[in-house]
Amino acid sequence: MIKRVRFKNPASPHEWIVSKVSLSQYQFNVLQASMSDFRMQLNNWAQLHRHNIRYENSQSRLRNGQTEWTAIVKINEEEWGRGRAGSKDDAEELAAQQALNVGKWSKERKN
């Protein structure tokens with residue numbers, strides 16, 4: 001069983017991983033994946049604080065024929081993040097990352 005690791009003021013989570021050279025490749029991949037799943041982190045936070053979370057997705061065609069997805073993450077109907085990518089999942093992941101990183105965690109929003 002692999003336990004989730006919480007970081008307490010590391011220089012970076014990746015530096016912590018590198019220092020744990022005894023990890024197997026599988027354990028390393030699982031740990032790295034758990035650190036980069038921003039949708040899951042945002043969802044866990046929203047559930048813990050009883051906030052409603054919703055993604056709005058739209059698709060558009062670029063001039064070169066490729067598809068671009070735009071995702072907007074809303075918490076309690078307020079926009080917290082926006083992401084654009086070639087797939088819907090990647091756009092949602094970028095939107096969640098932005099919501100977690102762009103200063104939306106001010107004191108008045110921690111409830």
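Note that these values count all heavy atoms, side chains included, but never hydrogens, waters or copies made by symmetry. Throughout, residue positions are numbered sequentially from 1 according to the sequence presented.
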Asks: State yes or no: do L94 and W69 share one hydrophobic cluster built from I, L, V, M, F, W and Y residues joined by side-chain heavy-atom distances below 4.5 Å, directly or via other members?
Replies: no
Asks: Under a 4.0 Å N-O cut-off, is there an ion pair linking R84 with D90?
Replies: no
Asks: Nearest 0.5 Å please: distance from the CD1 atom of I75 over to the NE2 atom of H51.
Replies: 7.0 Å
Asks: May I have all residue pairs that pass salt bridge (charged side-chain N to carboxylate O under 4.0 Å, His left out) and include part of residues 55-73, sequence neighbours excluded?
Replies: R54-E56, E56-K74
Asks: Between the main-chain N or O of Q97 and the side-chain N or O of N101, is there a donor-acceptor pair closer than 3.5 Å?
Replies: yes
Asks: To the nearest 0.5 Å, what is the distance between CD on Q47 and CG on N52?
Replies: 10.5 Å
Asks: Side chains of Q98 and F38, heavy atoms from C-beta outward: is any pair under 4.5 Å?
Replies: no
Asks: Does a donor on one side chain and an acceptor on the other come within less than 3.5 Å for N57 and E92?
Replies: yes
Asks: To the closest 0.5 Å, what do you measure between CG (L100) and CZ (R39)?
Replies: 12.0 Å
Asks: Supply the atom-to-atom distance H49 NE2 to N76 CG, rounded to the nearest 0.5 angstrom.
Replies: 12.0 Å
Asks: Looking only at atom types and distance, does a side-chain atom of N64 sit under 3.5 Å from a main-chain N or O of Q66, one as donor and one as acceptor?
Replies: yes
Asks: Give me the atom names and distance for the closest heavy-atom approach of G83 to A95.
Replies: N-CB, 3.7 Å
Asks: From E93 CD over to Y55 OH, what is the distance, rounded to the nearest 0.5 angstrom?
Replies: 7.5 Å
Asks: Shortest non-hydrogen contact from A91 to A85?
Replies: N-CB, 3.6 Å
Asks: Do V73 and L42 have side-chain heavy atoms sitting under 4.5 Å apart?
Replies: yes
Asks: Among all residues two or more places apart in sequence or in another chain, which pass the side chain to side chain donor-acceptor pair (under 3.5 Å) test with N43?
Replies: none
Asks: Should the ring pair W45 and W80 be called parallel, tilted or perpendicular, given that the plane angle runs from 0 to 90° and is split at 30 and 60?
Replies: tilted
